[in-house]
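Nothing fancy with the numbering, it's 1 onward along the sequence.
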Amino acid sequence: MISISSNKPVNKTDKAMNTFERLESRVRGYCRSFPTVFTRGEGSVLYDESGERYLDFLSGAGSLNYGHNDPALRQSLLDYVEGNGILHGLDMATEAKREFLETFERIILKPRGMHYKVQFTGPTGTNAVEAALKLARRVTGRTNIVSFTNAFHGVTLGSLAVTGNVHYRHAAGVPLGNATFMPYDGYLGPHVSTIDYLEQCLNDRSSGLEMPAAVIVETVQGEGGLHTAGVAWLKHLQRLCTDQGVLLIVDDIQAGCGRTGTFFSFESAGIRPDFVTLSKSLSGYGLPMSVLLMKPEYDAWEPGEHNGTFRGNNLAFVTATAALRHYWSSNDFQLDIKHKAALLRGRLLSMAGPPAGAGLRGRGLIQGLVCEPASAAAEICRASFERGLIIETSGAESEVVKCLPPLNIPDGELWAGLDLLESAVKEIRGRSRETLVQAVGAEK
Ligand code: PLP
């Protein structure tokens with residue numbers, strides 16, 4: 001989540017940012033948090049126009065799981081462009097699309113025993129969510145969708161209706177309806193089973209919950225504060241949906257493509273959602289591409305019903321195919337993600353203690369420090385940027401410092417980035433101690 005509080009330029013770059021302030025809409029976000037002009041990216045490193053080097057723990061909000069300009073992916077792209085490959089083909093059949101579909105089936109779906117059809121939606125994640133919601137309503141004939149507290153599914157009207165955050169909802173300009181929010185796993189504290197509550201509501205015809213077409217869930221709430229759904233909770237949710245004839249949609253746009261240690265974030269729970277949305281790192285190279293995976297029996301579309309001019313980003317198909325071949329043909333990559341995730345967890349735990357690390361949230365290579373007070377998170381991100389680390393906040397109050405490094409970041413760079421983060425945490429901790437001491441002094 002963009003830390004809105006970070007409007008204040010960090011230093012030096014007021015002049016460099018002038019053009020953007022003058023000509024670009026106020027809606028711009030990340031360039032406020034990182035006010036410098038970037039020119040180059042290599043792996044986990046970004047360079048700005050004055051030659052300064054930054055470690056990237058934001059990874060295009062999860063769109064660059066293989067870092068910037070991965071050489072294997074880049075070569076496939078260059079070869080394709082050199083050979084005058086089709087760049088734009090609406091949703092026509094192209095060789096690049098066929099290669100992607102066959103590779104996805106062979107490397108991802110088949111080994112996991114998954115049978116899904118693939119819908120190429122418009123290129124943004126929100127469009128895949130829109131398609132999932134429309135299709136679920138079409139298939140069931142119902143309109144309501146159950147979503148969860150702190151969910152983030154996008155900012156177009158359908159996906160916004162199932163997004164919790166008031167900052168985004170306010171911008172809709174129309175009432176957002178046909179959605180019911182239920183408490184996510186852990187929302188009511190460790191001793192209350194929120195899934196039992198959902199079950200009770202679905203079973204009680206007087207609960208006031210309109211029988212939903214679908215439940216949409218993130219296994220890790222990427223924008224909503226890195227809350228995680230436990231394995232037992234997800235299994236229970238799947239059982240509940242099956243029993244009630246409600247479709248289960250897993251939005252794996254941020255947590256998927258390896259971020260949690262397996263290709264799909266729900267693999268450890270052993271569930272089989274009816275629909276899965278994927279986007280962000282699917283193309284592997286930061287190129288826009290989104291898909292909706294659906295169990296074949298739910299493919300109820302009429303031809304062209306959910307269309308869009310940019311459903312066939314062939315460059316993205318090429319790099320997506322290369323990414324699957326390069327990183328997912330064996331188990332080595334997954335093992336390496338798990339190793340890095342343990343390293344990350346260890347370092348974050350060692351930073352724990354107020355104001356950062358009042359707790360840790362997340363899993364895999366999407367983990368973060370929960371700050372108390374919440375405002376300390378943005379301060380830590382700002383202090384990190386001054387040290388050459390790009391890192392953002394997440395959560396309803398932007399209370400989490402979210403670590404989202406590339407999955408293939410070398411251990412040394414991961415360690416170096418965490419050193420920068422730790423130093424920033426120490427600075428903010430020191431400052432808040434000073435404030436505390438001053439406040440105590442003032443009270444006397
Ligand atoms: N769903 C999830 C889980 C996301 O994290 C996001 C974006 O952060 C979206 C949907 C929306 O994707 P996009 O910003 O590409 O529309």
Backbone of G62 reached by a side-chain donor or acceptor of S281 within 3.5 Å | yes
Dump the intermediate steps for side chain to side chain donor-acceptor pair (under 3.5 Å) on Q254 and R259, then the final yes or no.
-> CA-CA 8 Å; Q254 186 157 164; R259 189 42 72 182; over 6 Å; no
Pair R382 + E386, salt bridge at N-O below 4.0 Å | no
NZ/NE/NH1/NH2 to OD/OE distance under 4.0 Å, E99 and R325 = yes
Look at the rings of F317 and F100 and say which category their plane angle falls in: under 30° parallel, 30 to 60° tilted, over 60° perpendicular.
-> parallel
For K295, look at atom NZ and say whether over 12 heavy atoms of other residues, nucleotides or ligands are found less than 6.0 Å away.
-> yes
Is a side-chain donor or acceptor of T319 paired with a backbone partner of S283 at a separation under 3.5 angstrom?
-> yes
With a 4.5 Å heavy-atom cut-off, do E422 and M351 have their side chains touching?
-> yes
Taking the six-membered ring for Trp and the full ring for Phe, Tyr or His, determine whether the centres of F148 and Y187 are under 6.0 Å apart.
-> no
Taking Q334 for its side chain and N331 for its backbone only, find out whether a donor-acceptor pair lies under 3.5 Å.
-> no
Return the orientation label for the F385 and Y54 ring planes: parallel under 30°, perpendicular over 60°, tilted otherwise.
-> parallel
Does S59 use its side chain to pair, donor to acceptor, with the backbone of N65 at less than 3.5 Å?
-> no
Could you tell me whether D419 and R347 make a salt bridge, using a distance below 4.0 angstrom between a side-chain N and a carboxylate O?
-> yes
Got more than 12 heavy atoms from elsewhere within 6.0 Å of CZ, F181?
-> yes
Interatomic distance, N165 atom CG to H170 atom NE2 [nearest 0.5 angstrom] | 10.5 Å
Could you tell me whether a side-chain N or O of R361 sits under 3.5 Å from a main-chain N or O of T228, the two making a donor and an acceptor?
-> no
Counting only N and O atoms by type, is there a donor-acceptor contact under 3.5 Å from the side chain of E379 to the main-chain atoms of S375?
-> no
Any chance you could measure K340, atom NZ, to D411, atom CG, to the nearest 0.5 Å?
-> 4.5 Å
Does some side-chain heavy atom of E130 sit less than 4.5 Å from a side-chain heavy atom of T121?
-> no
Looking at CD1 of I271 and CZ of R239, how far apart are the two atoms once the value is rounded to the nearest 0.5 Å?
-> 12.0 Å
Are any side-chain N or O atoms of E413 and backbone N or O atoms of L55, one a donor and one an acceptor, separated by less than 3.5 Å?
-> no
Below 4.5 Å, heavy atoms only, C-beta onward: do E218 and H227 meet side chain to side chain?
-> no
Ignoring hydrogens and angles, tell me if any N or O in the side chain of E52 forms a donor-acceptor pair with the backbone of S50 under 3.5 Å.
-> no
Per the side chain to side chain donor-acceptor pair (under 3.5 Å) rule, which among T163, T156, T277 passes with T126?
-> T156
Under 3.5 Å donor-acceptor, K97 side chain and D91 backbone = yes
Atom OG1 of T262 and atom CH2 of W328: how far apart are they, to the nearest 0.5 Å?
-> 7.0 Å
Heavy atoms, side chains only, cut-off 4.5 Å: are N69 and R40 in contact?
-> no
Short side-chain donor-acceptor distance under 3.5 Å, Y327 and N408 = yes
